[in-house]
Amino acid sequence: MSLQKLMEEHIKSLREFANTFFKNKFGVIGVAILSVFIFMAIFAPQISPYNPMDVKSIGVGKPFSPPAWIKIFNKDIPDDSVFGIMGTDELGRDIFSQIIYGSRISLIVGFAASFTAVFIGTIIGLIAGYYGGIIDEVLMRFADILLIIPGLPLMIVLAAILGPSIRNIILVIGITSWPSIARIIRSQVLTVKEMKFVEFARAAGCGDNYIIFKHILPNVMPLVYVNAAINIANAILIEAGLSFLGLGDPNNISWGMMLFFAEQYQALLRLAWWYIFPPGICILLVVLSFIFIGHALDEILNPRLRLRR
Amino acid sequence: MPHVVVISMVDEVLKVINLKKYFTLRRGLLTSLIKREPPKVKAVDGVSFNVKRGEIFGLAGESGCGKTTTGRCILRLIEPTSGKIIFDGKDITNLSQGELKPLRKDMQIIFQDPYESLNPRMRVRDIIAEPLRIQRICKSRREEEEMVMKMLEEVELTPPEEFMNRLPHELSGGQRQRVAVARAFILKPKLIVADEPVSMLDISIRSEVLNVMLRERDTYGTSIIFITHDLSLARHICERIAIMYLGKIIEMGDVETILQEPKHPYTQALTAAVPIPDPDHKREIIPIKGEVPSALNPPSGCRFHPRCPYAKDTCGKIEPETITLEDGRLIACHLYTGK
Amino acid sequence: MSEFRGYIVRRTIYAMITLFLTITINFFIFRVMPGDPVSIMVSERILKPAVVEEVRAMFGLNLPLWQQYILYIRNLLIGYLGYSFHWKEPVINVIMERMPNTILLMGVSTIFSVIIGIVLGILAAWKRGTKIDVTILTSSLTFYSLPVFWIGMMLLMLFGYYLGMFPIAGTMSRPPPEGFFERILDILHHMTLPAITLTLISYGEYTLLMRGTLLDVLTQDYIVTARAKGLPERRVLVRHAMRNALLPTVTAVAISLGFIVSGATLTETVFSWNGVGRLIYDAMMMRDYPVLQGAFLIISISVILANYVADIVYGILDPRIRYGGQGA
Amino acid sequence: MPLLQVKNLKTYYQTARGYVKAVDGVNFQIEEGEVFGLAGESGCGKTTVALSIIRLLPPGGRIIDGKIIFNDKNILTMSEEDIRKIRWKKIAIVFQGAMNALNPVIKVGDQIVEAITTHENVSKEDAWKRTEKLFEMVGIDPSRAKDYPHEFSGGMKQRVMIAMALACNPQLLIADEPATALDVIVQAQILKLMRELQRKMNLSMMLITHDLSIIAETCNKVAIMYAGKIVEYADTKRIFRDPQHPYTRGLINAFPSIRGPKRKLISIPGTPPDLLNPPSGCRFHPRCPYTNDKCKKIEPELKDIGERHYVACHMSW
């Protein structure tokens with residue numbers, strides 16, 4: 001069966017698309033998890049019981065207090081040595097509030113960096129694939145180099161030079177992770193470009209811009225969506241890594257940065273599991289939700305794996 | 001604006017003179033710096049023919065013989081390497097794509113694959129109207145809609161309202177191909193290149209699509225270049241036919257003459273190889289062996305000589321020129337040149 | 001055969017271009033970025049005046065940019081990468097001292113993750129749609145979605161601090177134990193947790209890839225032919241499907257090397273593993289730019305070379321490339 | 001006793017939208033030494049019949065009902081191990097996709113040797129010698145057995161496939177569109193080769209194709225399939241001379257011929273039905289010029305109208 005036919009069979013109206021999407025187990029789980037975190041991020045000030053960063057709030061609990069529900073298992077712990085539902089950090093700040101505010105950074109960085117990367121990647125992929133020849137050769141060679149250079153060390157170098165701020169982190173992730181998208185888009189453009197409806201458009205006298213935007217881009221978009229989702233997942237992981245290395249924005253708490261402080265202040269030695277466990281799990285859940293959504297989109301929009309002859 | 005019918009002095013809509021298309025094998029940036037001469041595939045190598053007004057001209061041959069490339073070159077979808085294309089009395093070989101644009105409404109194309117030829121994200125009305133919009137034919141949306149509806153009726157996609165807003169995946173293969181026919185004929189072109197328009201359709205619906213196409217042709221007096229590998233079909237559709245082998249026309253003439261009394265050894269083999277839907281028919285013996293050699297290194301002299309049962313020494317050395325026989329056919333073979 | 005030679009030549013030239021451009025990018029990142037380029041290359045505050053002079057002379061820090069570039073290339077060729085502010089010795093020495101540790105850690109975990117990944121991938125594809133498949137898929141995705149440093153921290157807290165089964169930091173005990181085998185055992189003991197961490201985050205990718213490719217291959221016509229020939233299912237899988245599915249995996253291992261290096265950087269940081277990754281972190285914290293630049297360069301060059309080797313191996317494994325034709 | 005008997009075979013594919021009734025009650029038989037043609041347009045279920053016979057349906061495909069009796073044994077009730085032994089040893093198959101039917105990373109000779117050693121207790125050397133003989137038989141230089149598939153042209157690959165199919169001297173050869181993707185001359189060569197080998201080895205053959213011309217010059221008997229059912233089944237000459245089913249007639253009339261009188265090509269109106277929801281009664285009724293009420297309600301049975309000419313049509317006769 002031709003690729004074209006497969007593509008066609010899976011183009012449906014938005015409503016039909018939503019129906020298919022929500023029949024997909026992965027898609028439903030992904031969207032459910034993500035909605036919780038988006039809700040958290042939007043209503044962080046309303047939900048969180050304390051201000052996670054405010055110096056004045058230092059001492060809301062004792063430093064390194066375990067969460068209060070620990071008393072269920074060990075009644076001997078004095079009341080003033082436990083705190084909240086997730087305990088406190090090295091300065092006695094509320095970890096639960098930090099987790100809630102941390103979702104903002106993860107999602108903002110994830111969406112913004114991914115948007116940057118997808119935007120650059122799609123444009124470069126379109127240009128390289130459509131025009132081909134020397135333009136293609138140069139762009140793809142450049143993409144290959146960025147693909148081959150170890151990502152995190154490059155980002156460390158860039159972030160170290162540019163200085164820590166959310167904007168810089170977004171930029172650094174964005175400009176280093178477009179190549180894989182550009183490659184995928186390019187190969188799809190190469191396929192679509194050879195299709196006969198494009199040739200007909202040329203025979204009817206259409207110009208390049210018209211063909212790119214009217215005929216090629218719409219047929220490439222499904223891949224863009226899928227890759228955007230996967231890319232957000234990766235961007236969130238990278239943001240966590242950079243923050244963990246101390247390259248995060250010191251004015252905004254993020255999950256990676258919580259783990260940075262945990263490491264710096266010997267939380268491991270103190271076996272402060274309540275400090276280490278929640279950020280990791282949150283990162284996992286958010287990343288997984290995007291991977292699930294990407295997977296679901298891929299199954300619906302890019303049916304290669306599903307339809308076997 | 002009244003449609004002014006310009007009756008040209010020439011009765012040929014298309015004249016192709018010594019058309020050549022060599023594809024340079026794409027190599028990496030670097031390899032091309034190291035080696036001087038890139039390998040070339042001589043897909044079309046000196047093809048000349050003309051198409052009369054209102055005629056259906058067949059271009060037939062096995063895969064890789066250059067028939068499709070020829071069709072694309074005529075429409076300047078591929079840039080020819082050399083030769084001349086004279087369309088409607090105008091030399092269009094060296095026109096820029098911009099200069100070509102107004103001429104494009106007079107020449108169109110229909111493709112083989114019904115699944116690849118329609119944009120899956122466009123509705124039938126937009127697909128058929130696209131040439132109108134590009135050429136800015138209609139003054140209003142209503143006019144455009146009327147033309148599209150009329151076209152749908154002509155290709156028997158009725159009632160048109162029902163098909164207007166469909167997406168290609170909501171159509172069957174035969175219906176798609178009729179949309180492709182409607183799209184090609186909506187500008188009332190003077191020439192259509194039909195590249196194997198029915199070979200991917202089931203037999204039982206082929207003739208329906210063909211008949212729609214032929215009727216449109218009768219209405220608008222369009223000339224058609226019918227590219228096909230199926231000689232039985234060519235026989236039923238075309239008036240004249242050219243048989244191609246490795247980038248060259250080796251025999252050309254009236255379709256019945258060529259197919260019933262082939263003179264070129266290759267045409268003889270080709271016609272003998274076509275299966276006949278009649279169990280009583282005794283199959284002729286196919287005298288030739290082997291498969292078509294690569295166009296990258298075509299044989300010297302007559303390109304058919306390594307497979308030809310009548311090959312002589314000259315055939316490997318001298319390329320046969322095209323001569324006209326008494327019955328009007330053109331042929332390129334040393335059996336007839338007397339060399 | 002000439003096709004194959006052409007392939008090798010092509011790959012070699014591409015690798016050289018990549019190498020050259022990486023080196024160039026490295027030069028410009030540190031000279032064109034905001035900040036005082038001289039202070040990035042040499043610190044008058046920390047280093048002795050004699051050393052400062054030497055570095056200035058070697059890099060020509062007062063010369064125009066293009067002359068600096070030529071000097072930079074020359075320095076690279078003679079292995080001169082500058083002088084570390086913090087360790088107060090030539091950068092190349094600082095890096096080379098730590099290189100073996102990184103190669104050891106990455107080598108061991110890559111081998112493990114490739115083996116585990118491929119085996120699980122085959123298993124999942126073979127048992128497609130069953131509970132085994134779902135379990136393998138979910139676990140692969142989960143480990144892929146976890147931050148590597150977090151896995152490291154959890155392992156360290158549980159097995160290092162809490163259970164005390166493994167050392168909490170470093171590459172070797174101090175002082176190192178007597179005897180050759182004791183030393184090897186000591187290193188392995190230190191390496192266990194970091195290696196497990198790295199393996200956990202990288203095996204999933206191979207699993208998913210192997211599963212996907214194998215499922216794709218299993219729908220090919222030649223697999224139907226193999227089954228129609230009456231071959232036992234196991235033979236169809238091993239001889240016909242796996243050989244074709246392993247080819248793309250070879251490439252994937254090479255491409256994911258950059259990803260593993262990123263993981264290694266974080267893992268080495270968590271476990272204070274004395275390798276180049278940890279060096280990058282330390283250099284960044286100390287603002288020791290010459291070391292940062294040098295370490296980044298050496299790592300990039302290693303990955304490019306490893307990729308090049310993988311390309312060649314791929315060419316040898318695939319007969320379509322080895323014997324010419326439409327391959328490549 | 002016929003070599004192969006297919007009785008009331010029903011094979012469905014499970015999809016997200018329901019069951020596709022690809023083969024829905026098919027009956028035919030193949031005698032020893034006979035060339036049987038199964039003809040029909042794309043999607044009529046002819047390939048599914050072939051895959052059902054060797055029980056190699058793609059995922060989702062299931063044989064719902066029926067019997068396939070080969071050498072007095074029902075293939076459908078055999079154990080996986082038993083059917084495995086029949087594949088290739090007794091029933092070999094040449095697929096449509098000649099281009100991809102050979103494993104690209106294994107030498108073609110080894111792929112044939114493998115077929116031999118799987119079923120027969122011979123040494124690798126002997127199997128290799130036999131492979132070289134097979135190559136000669138299909139007209140390829142035996143030294144080319146050491147080459148990889150990508151070094152062969154399309155026609156040569158199909159010859160290799162034929163050599164491989166004959167490696168274990170099967171009783172039945174199934175050829176599914178063996179020459180469709182090839183150029184006319186090569187196609188004629190391949191079909192000629194198959195006819196010659198069939199005669200020489202007294203093979204029983206089942207030829208699946210959409211091309212009635214190929215059936216006309218190759219087969220003794222032919223069954224015409226439409227929408228998962230056989231609509232007409234008889235001696236080839238009889239079917240061409242005196243087609244009874246309106247679909248068969250339409251099909252024959254739709255075929256252009258390079259010889260004989262030139263005539264207008266006639267098509268069958270409408271499109272083949274969706275096998276998820278096939279039409280009630282006779283499946284051809286929406287496209288049939290002679291439809292009456294009975295056709296819409298009652299499914300016609302395949303009836304012998306004399307001289308083993310079977311037709312499934314209410315109009316007959």
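So that the names make sense, note that chain A is the first sequence line, chain B the second, and so on, each numbered from 1. Note that the structure is a prediction, hence the values are computed from the model and not measured.
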Side chain, backbone, both or neither of [X] within contact of chain A (heavy atoms, under 4.5 Å):
X: C:Tyr162; answer: both
X: C:Ile260; answer: neither
X: C:Val270; answer: both
X: C:Thr142; answer: both
X: C:Ser300; answer: both
X: C:Leu156; answer: side chain
X: C:Phe259; answer: neither
X: C:Met284; answer: side chain

Out of [options], which one racks up the most heavy-atom pairs below 4.5 Å with chain C?
options: A:Ala262, A:Gly241, A:Gly163; value: A:Gly241
options: A:Leu269, A:Ile156, A:Ile281; value: A:Leu269
options: A:Leu147, A:Ile276, A:Ile238; value: A:Ile276
options: A:Trp255, A:Phe292, A:Phe244; value: A:Phe244
options: A:Pro279, A:Pro153, A:Gly151; value: A:Pro153
options: A:Leu146, A:Ile149, A:Ile148; value: A:Ile148

message: Under the criterion side-chain contact (heavy atoms from CB on, under 4.5 Å), I'd like the reasoning laid out for C:Val236 against C:Ile223: C-alpha separation, chi angles, the key distance, then a yes or no.
response: CA-CA 7 Å; C:Val236 172; C:Ile223 296 296; 3.9 Å; yes
query: Who are the ring pair (Phe, Tyr, Trp, His ring centres under 6.0 Å) partners of A:Phe260, not counting sequence neighbours?
result: none
message: If we ignore hydrogens and angles and just use 3.5 Å, is the side chain of A:Ser243 paired with the main-chain N or O of A:Ala240 as donor and acceptor?
response: no
Which bit of [X] comes within less than 4.5 Å of chain C, counting heavy atoms only: side chain, backbone, both or neither?
X: A:Ile236; value: neither
X: A:Leu268; value: both
X: A:Ala233; value: neither
X: A:Trp273; value: both
X: A:Leu247; value: side chain
X: A:Ala159; value: neither

query: So, for A:Phe277 and C:Trp150, is the gap between ring centers shorter than 6.0 Å?
result: yes
A:Phe290/A:Phe111 aromatic ring centres below 6.0 Å: yes
task: Measure from NZ or CZ of A:Arg141 to the centre of the six-membered ring of C:Tyr14 and say whether it is under 6.0 Å with the direction within 45° of the ring axis.
output: yes
message: Other residues, nucleotides and ligands only: do more than 12 of their heavy atoms fall within 6.0 Å of OH on C:Tyr314?
response: yes
- prompt: Is a side-chain donor-acceptor pair under 3.5 Å present for C:Tyr281 with C:Glu268?
  reply: no
message: Quick one about C:Thr12 and C:Tyr308 (side-chain donor to acceptor, distance below 3.5 Å, no hydrogens or angles considered), yes or no?
response: yes
query: Do you know which of C:Leu266, C:Ile168, C:Thr269, C:Ile151 has the most heavy-atom pairs under 4.5 Å to chain A?
result: C:Leu266
Least distance between heavy atoms, A:Ser103 atom then A:Phe37 atom: OG-O, 4.1 Å
task: Hey, can you tell me if C:Tyr72 and C:Phe27 have their rings parallel, tilted or perpendicular (30° and 60° cut-offs)?
output: tilted
- prompt: Between C:Arg11 and C:Asp311, is there a salt bridge with N-O shorter than 4.0 Å?
  reply: yes
message: Less than 4.0 angstrom from a charged side-chain N to a carboxylate O is my criterion; do A:Arg167 and A:Asp249 meet it?
response: no
